[in-house]
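Below: the structure, in structure tokens.
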Amino acid sequence: MATFLYRLGRLAFRRRRLVTLLWIVVVAGLGLGAVKTSGSASDSFTIPGSQSQRALDLLGKEFPQASADGASARIVFETADGRKLTAGSAKKEVASLVTGLKTAPQVASVSDPYLSGAVSKDGTIAYTQVTYKVAQAEVSTAAKDALHKVAEEGDKAGLTVSMGGNAVKEKAESGASELIGLAVAAVALVITFGSLAAAGLPLLTAIFGVAMAMLSITIATHLWNLSSSAPTLALMLGLAVAIDYALFIVSRYRNELKDGHDPEEAVGRALGTAGSAVVFAGLTVIIALAGLSVIGIRMMTDIGLSAAFAVALAVLIALTLLPAMLGFAGTRIFEGRLKTRRMRRLEHGHGMPMGVRWANFVTRNPVKMLAVSVVGLLALAVPALSLETAMPDDSVAAPGSSARIAYDTVTKGFGAGYNGPLTVVVDARAGDGAKSAAGDAVTLLKKMDDVASVSPAQFNASGDVALIRVVPDSSPNSQATIDLVSNIRDQGTSYQSDSGAVLMVTGLTALDIDVSAKLSDALVPYLAVVVGLALVLLLLVFRSLLVPLKAALGFLLSLAATLGVVVAVFQWGWFAGALGVDQTSPIVSVLPIFLVGVVFGLAMDYEVFLVTRMREAYVHGAEPTEAVVAGFRHSARVVTAAAVIMISVFGGFLLDDVALIKSIGLGLASAVLFDAFVVRMTLVPAVMTLLGRRAWALPKWLDRLLPDVDVEGEKLQHALAERQNDGQNPQRQSSRDQEPDGQHEPLAPASPGRS
């Protein structure tokens, strides 16, 4: 691995113009393809095999006019002056607006609030349900304009009009958080290197890679209708890891230049060592993200594979385009007037870096530091024991938004359950008594707890499938509603034996409940798959049993602490005001499993970069404790900068108004903070010091079985040293030159640097 990357780095350095041109051509081609394609993204969850999905598929077949899988909108009308919506001009205005909606583009059906009982008891609130012929992503601008026109005309008539539902959701605007992350990253890179040239290269290659990923995902959306959330995560992770990978390679390149190597040789050595760490760090992230596909929910698969693709591009660009860019920069990578006096003293070998001081402190007090780290993380993890999860609805929409106002208005006028009605399907195709079976179902549903109302059964054209609308007393995300759905399904077994018909529950609320349950059930298997595969990968990297195990246990501690912080803020309300969280609510169901995948990959990044330098020093003869300090001497500064960059990128999402985005931002930023500064920078050196040589122990039988991937570059160093000795011994070099072709494949000789 190291030797191959060494040659790849030098090749990219020598052919820098060709390599750069090829990448530019690829980006231009992707840009042209993205412009000429038009795809649609989707936010819908599909759960193949679940009862709610089977019922939804049946409704699509038997009730095509209902457009069961189409987008929907809820228009809520309220009088500001206490007038009744049941008489006079107010009623005429509402009726006129509802009638107008029936002719709006893409509309399949519009409910009449006066016929469907959607008027509050005091007559001041009413709502209409609009169903579309197309899915959410395909709702046209004209259709949305028709909704906004209703709101405008209602306001002119003295009505307060608010709208909820997925049809009115606007595409999330991105860019502010990424710009903040880039700005902080630029500052961190300048502080780390003290040079604009050195700081600019990671940013340039990162932007290049992210642009490629976004263009590729745009084209893929046209082909596969990817989730609308896929580009956001790919952008966020692609930007963070691309900067980090370039940061480590540029840092190693500068060290090689400082050791007296010419630029081309320095690039080769940097890629042969730091590049190997980048490859395996990238693989751990890719494994963790691609593992989201085992959950069985298409949206999670889209998100995971898209983000994994962005990370793979970041690795590829770091190994090819970055060496070419370093070829253009040459020794100018050192130039800059932004270095502090302390940085200049350290470059000349005077003074001790802060990372070395910290490593010495930890290695002198390993037991105390280990105890403080573990106890602190466990204390932060305590709130995670109270974790509750649910899918987000309009109750967690931004305060003051139309969706939030609509939700609160319906709750005030009718009750929280009207925001999440259940659709019960009676499938009597296998029997004869469809009407009696539907009647029995209505009677059964009315007797259940937490039921506010049950509508009469509606039959399909053939009269063998019935649709019943059930409104719970409780809110869609409440435990009472979850229990109601479970109770209906439990009663379905005895109901089927008595009537011969199948009773199923579906609708958005039931789908959300099923998604939450499936995500919860998948968490442990997903964690096992991801951690298991990554442990095998780390076993290959470090050729040790204890180092990968320690890495996984450290990750579990940082994950638990992260979940504790998220629960404390968003579920318990701690520091909620400071973070702009206006209300507490269950944690979004996708967040825990999402954090497992993303955080594990990022945590292993720091593990690979930091411990690889420790192993490199150890295999070159350093004592275990000396190897720990050596790893910090070479990596602590860049690991710190990488962590600051990631925290800034993720922390920027705390500025978003949406609670879901805030929770993702806080979770990822907290995870990087805990894992980088507590686990990797404190717990790891403490454990490595206590283990001593045992940390690198590996059974001989296993050592013989494992391939030697040479991540630390030991074989490369020996090959380069042997090559140098051959150059100093003409007689030995002559004998080697006489070897037959194919018996000896020399490394490319060093050539003068070209800047």
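Remember, predicted model here, so these are calculated numbers, not experimental data. Note that these values count all heavy atoms, side chains included, but never hydrogens, waters or copies made by symmetry. One-based numbering along the sequence shown.
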What heavy-atom pair brings [X] and [Y] nearest, and what distance separates the two atoms?
{"X": "Ser216", "Y": "Leu30", "value": "OG-CD1, 3.5 Å"}
{"X": "Gly330", "Y": "Leu257", "value": "O-CD1, 4.2 Å"}
{"X": "Ile593", "Y": "Leu292", "value": "O-CD2, 4.1 Å"}
{"X": "Ala318", "Y": "Tyr245", "value": "CB-CB, 4.2 Å"}
{"X": "Thr320", "Y": "Val19", "value": "O-CG1, 3.7 Å"}
{"X": "Ile243", "Y": "Ala206", "value": "CG1-CB, 3.5 Å"}

Taking [X] for the side chain and [Y] for the main chain, is one N or O donor matched with an acceptor at less than 3.5 Å?
{"X": "Arg16", "Y": "Phe13", "result": "yes"}
{"X": "Thr218", "Y": "Met214", "result": "yes"}
{"X": "Ser293", "Y": "Ala290", "result": "yes"}
{"X": "Tyr526", "Y": "Ala288", "result": "yes"}
{"X": "Thr205", "Y": "Pro202", "result": "yes"}

Gap separating the [atom1] atom of [X] from the [atom2] atom of [Y], nearest 0.5 angstrom:
{"X": "Leu247", "Y": "Arg637", "atom1": "CG", "atom2": "CZ", "answer": "10.5 Å"}
{"X": "Ser670", "Y": "Ile647", "atom1": "OG", "atom2": "CD1", "answer": "8.5 Å"}
{"X": "Leu201", "Y": "Ile249", "atom1": "CG", "atom2": "CD1", "answer": "11.5 Å"}
{"X": "Thr562", "Y": "Asp675", "atom1": "OG1", "atom2": "CG", "answer": "8.0 Å"}
{"X": "Thr20", "Y": "Met325", "atom1": "OG1", "atom2": "CE", "answer": "3.5 Å"}
{"X": "Leu319", "Y": "Leu316", "atom1": "CG", "atom2": "CG", "answer": "7.0 Å"}

Min side-chain heavy-atom separation [X]-[Y] under 4.5 Å:
{"X": "Met681", "Y": "Thr640", "result": "yes"}
{"X": "Val608", "Y": "Leu538", "result": "yes"}
{"X": "Thr273", "Y": "Phe248", "result": "no"}
{"X": "Phe594", "Y": "Leu519", "result": "no"}
{"X": "Met614", "Y": "Phe632", "result": "yes"}
{"X": "Ile664", "Y": "Leu591", "result": "yes"}
{"X": "Asp259", "Y": "Arg269", "result": "no"}
{"X": "Val639", "Y": "Arg680", "result": "no"}

Requested in this report: Among Leu540, Leu535, Val611, find the one that has a side chain to side chain contact (heavy atoms under 4.5 Å, CB included) with Pro548.
Outcome: Leu535

Requested in this report: Could you please spell out the steps behind the side chain to side chain contact (heavy atoms under 4.5 Å, CB included) verdict for Lys144 and Val168?
Outcome: CA-CA 7 Å; Lys144 292 182 179 180; Val168 298; over 6 Å; no

Requested in this report: Just do the side chain to side chain contact (heavy atoms under 4.5 Å, CB included) check on Leu322 and Tyr253 with the steps written out, would you?
Outcome: CA-CA 11 Å; Leu322 180 60; Tyr253 171 71; over 6 Å; no

Query - Listed partners of Phe600 passing ring pair (Phe, Tyr, Trp, His ring centres under 6.0 Å), at least two apart - result: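 In terms of ring pair (Phe, Tyr, Trp, His ring centres under 6.0 Å), with neighbours along the sequence ignored, Phe600 is linked to Phe555.
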
Report summary line: Residue set satisfying ring pair (Phe, Tyr, Trp, His ring centres under 6.0 Å) with Phe542, at least two apart, ordered chain then number -> none

Report task. Decide if atom CZ of Phe4 counts as having more than 12 heavy atoms of other residues, nucleotides or ligands within a radius under 6.0 Å. Result -> no

Requested in this report: Determine, step by step, whether Thr284 and Glu607 satisfy the side chain to side chain contact (heavy atoms under 4.5 Å, CB included) criterion, reporting the C-alpha distance in whole Å, the side-chain angles of both residues, the deciding distance to 0.1 Å, and the verdict.
Outcome: CA-CA 11 Å; Thr284 58; Glu607 179 75 13; over 6 Å; no

Report task. Would you sort out whether Val134 and Val139 count as a side chain to side chain contact (heavy atoms under 4.5 Å, CB included), showing the intermediate values? Result -> CA-CA 6 Å; Val134 297; Val139 177; 4.2 Å; yes

